[in-house]
Structure formats: structure tokens, C-alpha cells
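Note that the numbering runs from 1 along the sequence shown for the chain. What's counted below: heavy atoms across the whole structure, side chains too, no hydrogens, waters or symmetry copies.
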Amino acid sequence: MVKALNAGLRRALAEDDRVLIMGEDVGPLGGVFRVTEGLQKEFGPQRVLDTPLAEAGIIGSAIGLAMRGYRPVVEIQFNGFVFPGFDQITTQLAKMTNRHSGRVRFPVVIRIPHGGHIGAVEHHQEAPEAYFAHTAGLRVVAPSTPHDAYWMIQEAIKSDDPVVFFEPMSRYWPKGEVDLVENPTPLHASRVVRTGTDATVVAWAGMVSVALRAAELAAEEGRSIEVVDLRSLSPVDYGPVVASVQKTGRLIIAQEAPGNVSVGSEIAATVTEKAFYSLEAPVLRVAGFDVPFPPAKLEELYLPDADRILEAVDRALAY
């Protein structure tokens with residue numbers, strides 16, 4: 001995914017001179033995860049800008065650049081570092097198109113590493129998507145594969161609305177195929193990534209691979225699990241989700257974020273409204289616990305794994 005994002009950003013920079021990349025150490029270093037490696041050398045320090053360590057200033061500057069016609073892409077080094085810039089995103093960026101009655105657009109992309117599984121310290125392994133999905137005026141997306149990362153970052157940059165772009169750190173290094181010519185799935189479309197008949201598991205970002213692993217284990221026990229990759233958290237494409245639940249009759253939602261007042265909560269409520277008579281069991285959530293993210297040695301206890309998903313499948317099938 002790191003290489004796919006790098007290639008997607010390179011293509012966006014090459015195709016549109018208004019595209020800028022800005023953030024801490026995105027230049028010669030290429031970012032903490034090397035997503036922007038080589039881009040400053042290729043496009044110059046006026047297109048790929050190293051900034052001071054000041055998230056509010058970075059995002060505020062991006063807002064001003066967007067007002068002048070640029071399309072800035074902001075890198076936040078780690079998920080927990082976004083909060084010093086939270087006011088600029090939710091109080092300013094999200095509201096400014098509406099404030100100007102649509103006469104001014106704000107095509108800012110905010111790239112944020114997402115989730116756990118890297119054994120890091122506090123403020124480095126959070127899943128803060130609910131804050132941004134709750135905020136009207138922001139688009140929120142989260143790829144789970146290198147192919148989606150390559151295409152979704154380009155689509156996000158082309159969007160005239162601000163996009164919060166979550167990149168699952170657990171999927172930065174595993175490899176996957178990328179079609180550099182064609183992409184059949186739009187930015188805000190959810191997608192069935194494994195078909196099944198007994199229960200539906202909805203996931204996004206790094207949890208998609210965990211859900212697929214759970215489905216593989218379930219198949220060994222003769223159970224057929226359908227997995228839906230949500231991809232977009234705001235807006236949510238409920239079509240494939242509802243169609244899947246209407247087929248299987250059971251829904252489990254898997255996320256790294258805490259379960260209380262979460263994206264999973266909203267999906268559960270909406271699917272219950274749209275597919276109530278198809279449900280054979282309550283909608284169940286498998287989530288991180290409602291505590292601050294723990295020290296690295298405890299992260300495997302905190303983060304949902306395939307066993308926790310399968311336990312929820314067992315409970316759903318027991319009804």
C-alpha cells in the first residue's frame with residue numbers, strides 16, 4: 001500500500017500542477033512510512049513541502065491554499081497527531097463551503113495513518129474515524145488494499161470537497177495487485193469482497209483482512225461468511241450491505257475503534273431500519289474496547305481478531 005499510495009500521489013502531481021503535498025518530513029525523508037519518498041526530488045520543494053511541527057498551522061495553510069485554487073494533500077504523521085488540527089478540520093474546513101453558499105470549494109485531502117498492529121506508543125495507534133464521519137461537510141474514506149489505495153487517493157484529490165483519507169498502518173506493507181489502467185469501483189462505493197450465505201461481516205481499513213481471515217476459518221467449519229468492505233465511511237454506500245443482509249439474515253460489524261458511539265453503531269442502526277424483516281438475529285458489533293488504546297504489549301488483547309469475529313458469528317447463528 002505504501003508503494004501504491006506513492007504511485008497514486010506521483011500521478012496526481014504529474015497530472016495537475018495545482019496539487020501540493022505538505023506535512024512534517026514529507027520531503028527528503030519521504031514521510032515516516034516513506035509514502036512520499038522521492039516525490040520532492042521529482043517535483044521540487046514548492047510542490048512537496050516540509051512544514052513545521054504544527055498540525056493546526058499545516059491544515060490552516062492548506063485551507064488558505066485551497067481558497068486560492070490549489071489542491072493540497074496534507075500528511076498527518078500518526079493518527080493521534082491529528083487532534084491539534086481538529087478545530088481547523090471540523091470548525092473551519094468542513095463548514096467553509098456551506099459558509100460561502102457553495103461559491104468557494106475546498107479540495108483538501110488529509111491523509112491519516114489508521115489503527116493499530118504496529119506496536120507503537122500512545123497517540124500512534126488510534127482509530128478516530130467517528131469524529132470525522134460525524135462531521136457534516138467532510139468526506140471520509142479508508143482503503144484496505146493497494147489497488148484501492150492507488151485509485152482512491154487520486155479520486156480524493158480530484159474531489160472538490162475536503163476528504164479525510166485513512167490509511168491502515170497494518171496494511172502498509174502486505175503486497176497486493178494493482179490495476180494501473182482501470183478501476184471499476186467509485187470512491188464512495190462499498191464492495192462485497194467475499195461471498196457467503198450464512199452471515200455478513202462488514203469491515204473497513206485494516207479490519208477487512210481480519211474479517212477475510214475469519215471467513216476462511218469459518219469455511220473450514222462449514223460456515224459461509226460474506227465480507228463487505230465499506231471503503232467509504234461518509235457517505236456510506238448501504239446498497240451492498242443491505243443486499244447482503246437480506247441474503248444472509250445476520251450482520252456482524254468489525255472495527256478497531258471503540259464500539260461506543262461509533263461508525264459501527266450507525267451501520268447497525270441503519271441496517272436495522274432498512275432490513276429489519278430480513279434479520280434473523282440482532283446486529284452485533286466486534287470492536288476495540290471502550291478504553292484508551294493500551295500499551296503495545298497489550299494491543300493484541302485490545303484489537304479485534306478473527307476469533308472475536310467468529311465468536312460473534314456463533315452468537316448470531318445461535319438465534
How far does [atom1] of [X] sit from [atom2] of [Y], to the nearest 0.5 angstrom?
X    : Y    : atom1 : atom2 : value
R10  : I153 : CZ    : CD1   : 14.0 Å
F106 : R99  : CZ    : CZ    : 8.0 Å
D198 : K247 : CG    : NZ    : 10.5 Å
D17  : F43  : CG    : CZ    : 9.5 Å
L20  : L65  : CG    : CG    : 6.0 Å
L279 : Q246 : CG    : CD    : 9.5 Å

D229/R231 salt bridge by N-O under 4.0 Å criterion: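 No salt bridge links R231 with D229.
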Is the closest basic N to carboxylate O distance between K158 and E155 below 4.0 Å?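 No, K158 and E155 are not salt-bridged.
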Should [X] and [Y] be regarded as members of a common hydrophobic cluster, given that ILVMFWY residues are connected when their side-chain heavy atoms come within less than 4.5 Å of each other, either directly or indirectly?
X    : Y    : answer
V74  : I89  : yes
M152 : L13  : yes
W151 : F165 : no
L303 : L310 : no

Do you know which of L93, V108, I63 makes side chain to side chain contact (heavy atoms under 4.5 Å, CB included) with Q88? I63
The residue among V32, N79, V2 that forms side chain to side chain contact (heavy atoms under 4.5 Å, CB included) with M169 is N79
Under a 4.5 Å cut-off applied to non-hydrogen side-chain atoms, are [X] and [Y] in contact?
X    : Y    : answer
D179 : H147 : yes
R111 : V73  : yes
V241 : T200 : no
P113 : Y172 : yes
V163 : R139 : yes
D305 : E300 : no
I252 : R315 : no
I267 : Y238 : yes

Does either side chain, that of [X] or that of [Y], offer a donor lying less than 3.5 Å from an acceptor on the other one?
X    : Y    : value
E226 : S244 : yes
Q255 : S262 : yes
T36  : Q40  : no

Crowded around E122 CD? As in, over 12 foreign heavy atoms under 6.0 Å?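 No.
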Neighbour count >12 (heavy atoms, 6.0 Å) for atom NZ, K95: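 Buried by this count: over 12 neighbours within 6.0 Å.
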With sequence neighbours excluded, tell me which residues meet ring-ring contact (aromatic ring centres under 6.0 Å, His included) with [X].
X    : result
Y150 : none
F78  : F33, F81, H124
Y131 : F83, F86

Looking only at non-hydrogen atoms, find the nearest pair between R34 and N6 and report the distance.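 Shortest heavy-atom separation between R34 and N6 comes out as O-ND2, 4.3 Å.
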Stepwise, does the side-chain contact (heavy atoms from CB on, under 4.5 Å) test hold for I309 with M207? CA-CA 10 Å; I309 294 175; M207 283 303 299; 4.0 Å; yes
Answer yes or no on whether R308 is positioned over the face of F289, meaning its NZ or CZ is under 6.0 Å from the six-membered ring centre and within 45° of the axis.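 Satisfied, under 6.0 Å and within 45°.
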According to side chain to side chain donor-acceptor pair (under 3.5 Å), does anything in residues 273-294 pair up with another residue at least two apart or in another chain? List the pairs.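 Residue pairs with at least one partner in residues 273-294: S265-R285.
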Can you run down the side chain to side chain donor-acceptor pair (under 3.5 Å) pairs that involve residues 45-72, sequence neighbours left out, and say none if there aren't any? R71-D160
Can you pull the ring pair (Phe, Tyr, Trp, His ring centres under 6.0 Å) pairs that have at least one residue in residues 299-319, sequence neighbours excluded?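 As it turns out, the ring pair (Phe, Tyr, Trp, His ring centres under 6.0 Å) pairs with a partner in residues 299-319, which skip direct neighbours, are F293-Y302.
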